[in-house]
Amino acid sequence: MARLFKTTYPNPFFLKWKELLAIDLSSFTQPEPIVEVNTRQLKVMQNKTEIRNWWASLFLLGLISMLGFKLLDYYDAWKSAEWNANRFIEIAKKENGNEYFSFTQDPGALAFYSAVGDDKKMSFKEFIHDRYNNYTHTTQRIIGDIIFTGIPLLGISILLPWIILLRKPAPLIFDREKRVVYSWQKGSVWAQRYDDIRLHENIQMILFFLRCELKDGSLGWAKYPLQPTGNPLFSPLSAYKPTLAYIAQFMEYGREKVLPDQDSWQAKPPFYFRDDPGPANIEQEIDRILQRITEVNNEIPLDGEGNPIPPEE
């Protein structure tokens, strides 16, 4: 049976070098994914999680606002119910005497009196009892309160820890001296020789393919996503050229080509509550993964023009 979805194989970056090295960078502003440049390294950072964090934060603020307005509505209704009960008691005493509530058998009047008592204060428990027992359309009121308090509370309980615990992603680092590309995620190092780096471009992002160790100890592929336009849903493929050209020309010609007026430059880091710190022995880990790549030699094979050769069906 034919496959419904065609498998996509990453292309070697070197196939694009000639085109990218011919681009005049002065015609572009510095691409936003570039976060640091110095004599030895160029760093880019994925902005997908930053965008996701901003949207989650905005959604969280919306839920907090919804819950806040609902709580204010509760408070206003509580104080209104308390005022109405005290007003009823005051009028009843004026009409029937101060001892009226000691001898009356009127259940409605007694309900008002028991709701506030002698201190003329209605407890929140009494307010809830009054809200759901002494009015019409009680079922609709309960459903509305559950929707406008339960859903925001559930959303806040999920989003707030997620935003706090979300780690700032590690950058993708292009090391010109060693001609190595590497990154990491939660202590796991990803690495590849620059001359062998693979990438795939689609309408959402660029995916850089590096090698990493899987949980079973085998050597697998790690995908580092990059969205140069900042749009998480759609980007024209032509929009990726400035970022890729910046990387290629830095690796080929050095910092002087891409940053002629400064020795180094670093962007203001995006705000996260937590970083994803690199392993202390990252240099040794990079060397070990590169050695494993050489020993395993299981890269996707290329044809005479450098294009990936898919396996036979």
Side-chain angles (χ1 to χ4, degrees), residues 46-169 186 227 230-234 268-276:
Q46 60 171 317
N47 55 1
K48 185 175 68 170
T49 52
E50 181 184 1
I51 294 169
R52 185 175 60 189
N53 198 20
W54 274 111
W55 280 107
S57 299
L58 291 174
F59 190 54
L60 176 64
L61 289 176
L63 291 175
I64 292 174
S65 299
M66 182 187 297
L67 182 61
F69 284 123
K70 190 60 182 178
L71 292 178
L72 286 175
D73 179 65
Y74 274 146
Y75 183 80
D76 289 342
W78 180 11
K79 292 305 169 183
S80 177
E82 183 181 80
W83 185 88
N84 287 331
N86 284 319
R87 180 62 175 167
F88 175 85
I89 293 170
E90 181 181 346
I91 294 174
K93 286 183 177 181
K94 283 184 178 180
E95 294 178 351
N96 303 289
N98 290 335
E99 303 300 321
Y100 171 70
F101 290 96
S102 63
F103 60 79
T104 184
Q105 299 298 315
D106 183 354
L110 292 175
F112 275 114
Y113 187 78
S114 63
V116 294
D118 294 330
D119 60 358
K120 298 184 179 182
K121 298 291 184 182
M122 178 181 287
S123 68
F124 187 73
K125 181 179 179 180
E126 287 291 346
F127 162 67
I128 293 297
H129 180 273
D130 177 70
R131 183 177 178 84
Y132 299 139
N133 290 276
N134 297 331
Y135 298 93
T136 59
H137 306 294
T138 299
T139 301
Q140 293 90 328
R141 187 186 295 267
I142 293 174
I143 293 173
D145 287 348
I146 290 175
I147 291 175
F148 289 104
T149 57
I151 292 179
L153 280 172
L154 178 62
I156 292 169
S157 65
I158 294 173
L159 282 176
L160 186 58
W162 182 78
I163 291 173
I164 293 175
L165 296 177
L166 183 67
R167 300 186 184 197
K168 182 174 71 178
K186 298 179 181 180
Q227 294 173 316
N231 188 328
L233 300 178
F234 174 79
K268 182 180 179 181
F271 174 76
Y272 285 80
F273 286 99
R274 297 199 310 164
D275 291 338
D276 189 356

>> So D73 and F69, do their side chains get closer than 4.5 Å, heavy atoms only?
In response: no
>> Within the 4.5 Å heavy-atom criterion, are L63 and F59 side-chain neighbours or not?
In response: yes
> Between F127 and A81, what is the shortest heavy-atom contact and its length?
Replying inline: CD1-CB, 4.2 Å
> In terms of heavy-atom contacts, does NZ of K79 have more than 12 from other residues, nucleotides or ligands at under 6.0 Å?
Replying inline: yes
>> Does any part of the side chain of Y74, heavy atoms only, come nearer than 4.5 Å to the side chain of T149, both counted from C-beta?
In response: yes
> If every non-hydrogen atom of E82 is compared with every non-hydrogen atom of V116, which pair is closest and at what distance?
Replying inline: O-CG1, 4.2 Å
> Listed by chain and number, what are the side chain to side chain contact (heavy atoms under 4.5 Å, CB included) partners of D106, not counting sequence neighbours?
Replying inline: Y100, T104, A109
> Got a sec, which pairs hit salt bridge (Lys or Arg N to Asp or Glu O under 4.0 Å) with one end in residues 84-96, sequence neighbours left out?
Replying inline: R87-E90, E90-K94
> Just wondering, do M122 and N86 contact through their side chains at under 4.5 Å, heavy atoms?
Replying inline: no
Donor-acceptor list for residues 152-161 side chains, cut-off 3.5 Å, not counting sequence neighbours:
from, atom 1, to, atom 2, distance (Å)
S157, OG, L153, O, 3.2
S157, OG, L154, O, 2.7

> Of the non-hydrogen atoms in F103 and N96, which two are nearest, and what is the gap between them?
Replying inline: CZ-O, 4.3 Å
